[in-house]
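Below is one structure, written out as structure tokens; comments come after it.
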Amino acid sequence: MRPSQGRCTTARHAPAQRAAVAVALGLAMAVTAGCGSSTSSPPDPYAHLTKPPTYFRTLPPGTTLPSGARCARWVRARPIAENKGVNAPYNQTKGQHVSSDFLASDAPQADQTITPRIDGDFTGTTAEILRWAACKWGISQDIVFAQAAVESWWRQTTLGDWETSGCPPGHPPGHDGRPGLCPQSWGILQNRYPFYQSSWPAIATSTAMSADTAYAIWRSCYEGYQTWLNTVPHVGTYAAGNVWGCVGRWKAGRWFGPVAEQYIARVKHDLRIRVWAQPYFQEP
């Protein structure tokens, strides 16, 4: 068994300072060109379906993403039993809208097209919630399953990134069981409170909100909106369309590099063995 507390304890998904974004504004248009910036609407990748999808795959940058309501109908058409009983109250709690500048460190398109979609508006079993987020944000559901296993062993109760400051309201140092420390990261995807404060408290109280917010941020990266990644230490050049680069950015807050690459390897390992289907993972 893996430990119940958060296993990822570095600068998870920390955005660069807004001053760095200003330096990168000229690059933003070049990075996002061809990624949904056309005046014509891109095709609906699911338009041909007559039945709910059996699998949600990664959709390219610029794709028209399904609505949360549409994804909810598809997910509920294929029920999955609960395998993490500890999540029961959190799975039945919906999320909330975030501030209009939630992704202000990213290119303007992020707050225009991604931020308004964040709401955590779904309830279901843990696997259903993760499938819903995968559908809504156009990322392979197996990557979501594997990343959530690395982050929390699929437990919404997971706490991580313990620090002396950056505490969310109501959780001062010592409140959650470690003298002098408070958890900055919460939930099934270990969303880090100091960097995305308007998602609080729902990232802690709602499994759907944790997943919805995490993969909204992933999609902003994947669309090419996080141009600040080229203004901080990085390996290679950040650009749209790199699935694994944006998975690693969640952990490291950087474009590749040792921390990101170690994290990507862990997610790929759990993906390869399909850890969520193993008997030792089941905690109904």
Side-chain angles (χ1 to χ4, degrees), residues 32-82 91 94-95 97-98 102-103 106-107 109-149 154 188-189 206-226 239-247 250 267 271 274 276-277:
T32 57
C35 298
S37 58
S38 172
T39 55
S40 61
S41 298
D44 179 352
Y46 293 114
H48 65 288
L49 295 181
T50 58
K51 296 181 180 179
T54 58
Y55 184 86
F56 297 115
R57 66 186 190 279
T58 301
L59 303 178
T63 303
T64 295
L65 299 174
S67 69
R70 189 182 189 191
C71 290
R73 290 193 298 271
W74 284 341
V75 168
R76 290 184 175 126
R78 298 181 180 277
I80 302 176
E82 183 59 74
N91 289 354
K94 294 184 178 181
H97 287 284
V98 295
F102 186 70
L103 296 172
D106 299 355
Q109 296 95 319
D111 274 333
Q112 294 164 6
T113 63
I114 292 177
T115 294
R117 301 182 83 230
I118 301 170
D119 55 16
D121 189 14
F122 184 75
T123 60
T125 64
T126 303
E128 290 168 354
I129 289 169
L130 294 175
R131 286 195 79 222
W132 172 77
C135 171
K136 183 176 178 180
W137 296 109
I139 180 171
S140 160
Q141 67 185 51
D142 285 354
I143 292 177
V144 173
F145 289 167
Q147 188 172 10
W154 283 26
I188 195 167
L189 266 300
S206 167
T207 311
M209 186 66 178
S210 176
D212 198 20
T213 306
Y215 290 105
I217 295 166
W218 174 89
R219 176 52 69 167
S220 183
C221 175
Y222 190 59
E223 290 288 337
Y225 299 156
Q226 294 180 359
N242 191 314
V243 174
W244 290 105
C246 292
V247 168
W250 180 252
V267 176
L271 173 62
R274 297 179 65 82
W276 59 90

Between atom [atom1] of [X] and atom [atom2] of [Y], what is the distance when rounded to the nearest 0.5 Å?
X      : Y      : atom1 : atom2 : value
Glu128 : Thr123 : CD    : OG1   : 9.0 Å
Leu271 : Asp142 : CG    : CG    : 6.0 Å
Glu223 : Leu65  : CD    : CG    : 7.0 Å
Ile143 : Leu130 : CD1   : CG    : 13.0 Å
Cys135 : Tyr215 : SG    : OH    : 14.0 Å

Please name the pair of heavy atoms, one in [X] and one in [Y], separated by the smallest distance, quoted to 0.1 Å.
X      : Y      : value
Ser206 : Gly95  : OG-N, 3.6 Å
Ala208 : Trp132 : O-CZ3, 3.9 Å
Asp212 : Gly120 : OD2-N, 2.8 Å

Determine whether [X] and [Y] make a side-chain contact, defined as any pair of heavy atoms from C-beta on separated by less than 4.5 Å.
X      : Y      : answer
Tyr225 : Thr113 : yes
Trp74  : Arg131 : no
Val75  : Phe122 : yes
Trp244 : Val267 : yes
Ile118 : Met209 : yes
Ile217 : Leu103 : yes
Trp137 : Leu59  : no
Ile188 : Ile129 : no

Test your reading of the model: is there a side-chain donor-acceptor pair from [X] to the backbone of [Y], 3.5 Å cut-off?
X      : Y      : result
Gln141 : Ala127 : no
Glu82  : Thr126 : yes
Trp250 : Leu189 : yes
Arg219 : Ile114 : no
Ser140 : Thr58  : no

Exercise for the section: Determine, for Phe102 and Arg117, whether the Lys NZ or Arg CZ falls below 6.0 Å from the six-membered ring centre while staying within 45 degrees of the axis. Expected result: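 The answer is no, since Arg117 fails at least one limit relative to Phe102.
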Handout entry: Chi angles and distances behind the side-chain hydrogen bond (donor to acceptor under 3.5 Å, both in side chains) call for Thr64, Asp44
Key = CA-CA 6 Å; Thr64 295; Asp44 179 352; over 6 Å; no
Exercise for the section: Taking the six-membered ring for Trp and the full ring for Phe, Tyr or His, determine whether the centres of Trp154 and Phe145 are under 6.0 Å apart. Expected result: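 Under 6.0 Å, so yes.
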Practice task
For the pair Phe56 and Ile139, evaluate side chain to side chain contact (heavy atoms under 4.5 Å, CB included) and give the outcome as yes or no after the intermediate values.
Solution key: CA-CA 7 Å; Phe56 297 115; Ile139 180 171; over 6 Å; no
Problem - Lys136/Asp119 ion pair, N-O < 4.0 Å - result: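 A salt bridge is present here (some side-chain N lies under 4.0 Å from a carboxylate O).
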